[in-house]
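Read through the structure below, which is laid out as structure tokens, and then see the notes.
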Amino acid sequence: MFLEELVAVYKQVSGVMRPGAYATIIVKNLKKEGKMYPLAWDLAREVGKFLDLRDERVWCQDNVRLFRLRWGRRG
């Protein structure tokens with residue numbers, strides 16, 4: 001699952017961070033065919049189990065073109 005793979009990456013990153021260091025994670029919630037997928041919130045919940053979350057910022061990118069993501073297996 002994509003979320004589990006992301007969490008594994010950040011867990012590895014946390015293992016090599018110096019004490020007191022910060023990491024910035026940029027991720028957004030997704031919407032597909034009218035259904036909301038709270039990826040950012042789910043990732044924060046899981047990463048918060050091994051890193052201290054400090055802040056949340058909203059980054060408005062109203063000049064960025066939207067594109068469709070394809071989900072599912074290849075092949």
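Source: prediction; values computed, not measured.
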Check your understanding: When rounded to the nearest 0.5 angstrom, what distance separates CZ in R45 from CG in L3?
Key -> 7.0 Å
**Study point:** For V47, the option from V13, V9, I25 that meets side-chain contact (heavy atoms from CB on, under 4.5 Å)
**Key:** I25
Revision key, fill the gap. In terms of heavy-atom contacts, A23 and M17 come closest through N-CE, 3.8 Å
Check your understanding: Would you say K31 and Y37 make side-chain contact, with heavy atoms under 4.5 Å?
Key -> no
Review point. Shared ILVMFWY cluster between V27 and L51, side chains joined below 4.5 angstrom?
Key: yes
Study note, to complete from the structure: Sequence neighbours excluded, the answer for salt bridge (Lys or Arg N to Asp or Glu O under 4.0 Å) partners of D52 is none
Revision key, fill the gap. Output for pair (E4 CD, K11 NZ), nearest 0.5 Å, gives 11.5 Å
Point to revise | A44 to L53 - nearest heavy-atom pair and separation | key: O-CD1, 3.4 Å
Check your understanding: Got W41 and M36 here, is their nearest side-chain heavy-atom distance under 4.5 Å?
Key -> yes
Review point. In Å and rounded to the nearest 0.5 Å, what is the CZ to CG distance from F2 to D42?
Key: 12.0 Å
Study note, to complete from the structure: Heavy atoms of N29 and L39 approach each other most closely as OD1-N, 3.2 Å
